[in-house]
Amino acid sequence: MDELSVEIAGLRSAVVTRDRDVLDVVRDRYKGFLSPGTPDWRIEIDLRQAAGHRSDGDVLVSRDGERARFVIKRWDFVGTADLAERRASATFAGANEYSIDSFLRILYSLALVEAHGLVVHAASLIRNGRAHLFSGPSGAGKTTLARLSPDATLLSDELSIVRLADGRARCHGTPFWGELARAGQDRAAPLRGICFLHHGSRHAVEAITPRRALERLLPNVLFFARDPELTGRVLEIAADLVESVPCFDLSFRLDPGFWEVIDRA
Amino acid sequence: MPEQYLARNSRTAWRVYDGEAVILLAEDSTLNTLNAVGTLIWEGADGKTPVSSLVGRICTEFDVEPVQAERDVTAFVDKLSQRGLLNVSASPHEPR
């Protein structure tokens, strides 16, 4: 068995596999996030024909009898995640980088709940030492906004990770990219605020209440487990997050002037 | 009208902000938000409190006539039951 360690948002995972192609995919896809050292998680990956179990494109994450063990299924893979043992396994039909990346995204969305963190559909950037989170569904402008910010440090244009500790939120770079097709940097910074994106004819920010922010944030949290306990914890983390930083609706047009209204907010 | 008892679906997670509830259903992560009256009913949906008691509280706290309050509660309960958030019973019981 060969092994590579990937560290995302402070959670280091050892990817263990017999397959050289899988190792090559992991080494290439996560090259900015490779991090030797004692892993927090162990992920065993193998390949088998017709690994997936669902005919549609949906992800199914369900509890597997044991309190902390979940089964993860999609058309192109089937796997397990044991949150107590911090062990996961996955079988893929082939060494496809998109399949492996999708599994990792789902796994981290589960693992981070234990670490009081969330994976959010959001672009994130560091500017003047503080991270800004720009959340919204596909088409809201996450990648556009990242492209309009060449002087900022890119954490992600698609899926960002926020972790809370002692009531303070930090935003972490991820290798989970969107249309930009470029990984964020393996950096982290205190979160200055959350902006919920929509395109407009001018740049404008409007402060919103934590309740309104929670309503806006929750549909953008990457989370698949149909489980009351974990759902409750996601709600708690999301609520803590919107109470820890200022939240805004951000209307922006296609130029970098939006940073000025954010700086004034 | 026969007495009814409401119980929150235990497969929900919820939090109240400024008297208004935000509810997540675990089955599909659907988000529901309630106004102040809806939140009063939701918080009272413990499986043991009769609906008539909730109607009485709404009349008192929101200055609504009993007929109107009863009508509003019925519509609200129907809606949340259809969404799988509330269970309605003819006798008191522990929430499932």
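In what follows, chains carry the letters A, B, and so on, assigned in the order in which the sequence lines appear, proteins first and then strands, with residues in each chain numbered from 1.
Looking only at side-chain heavy atoms (C-beta outward), A/F103 and A/F92 come within less than 4.5 Å of each other. Side-chain contact check for A/V113 versus A/F223: some heavy-atom pair is nearer than 4.5 Å. Under the 4.5 Å side-chain criterion, counting only non-hydrogen atoms from C-beta, B/I23 is in contact with B/L85.
A side chain to side chain contact (heavy atoms under 4.5 Å, CB included) with A/V120 is found for one member of A/L222, A/L217, A/I194 and no other, namely A/L217.
No side-chain donor from either of B/D78 and B/Q82 sits under 3.5 Å from a side-chain acceptor of the other.
Counting all heavy atoms, side chain and backbone alike, A/F196 lies closest to A/A213 at CZ-O, 3.5 Å.
For A/V242, the part sitting under 4.5 Å from any heavy atom of chain B is the side chain, from C-beta outward, and nothing else.
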Candidate polar pairs, chain B side and chain A side, donor-acceptor under 3.5 Å:
residue	atom	partner	partner atom	Å
B/R11	NH2	A/R226	O	3.0
B/R15	NH1	A/E243	OE2	3.3
B/R15	NH2	A/E236	OE1	2.5
B/Y17	OH	A/E243	OE2	2.9
B/E20	OE1	A/R211	NH1	2.6
B/E27	O	A/R226	NE	3.2
B/L34	O	A/R211	NH1	3.4

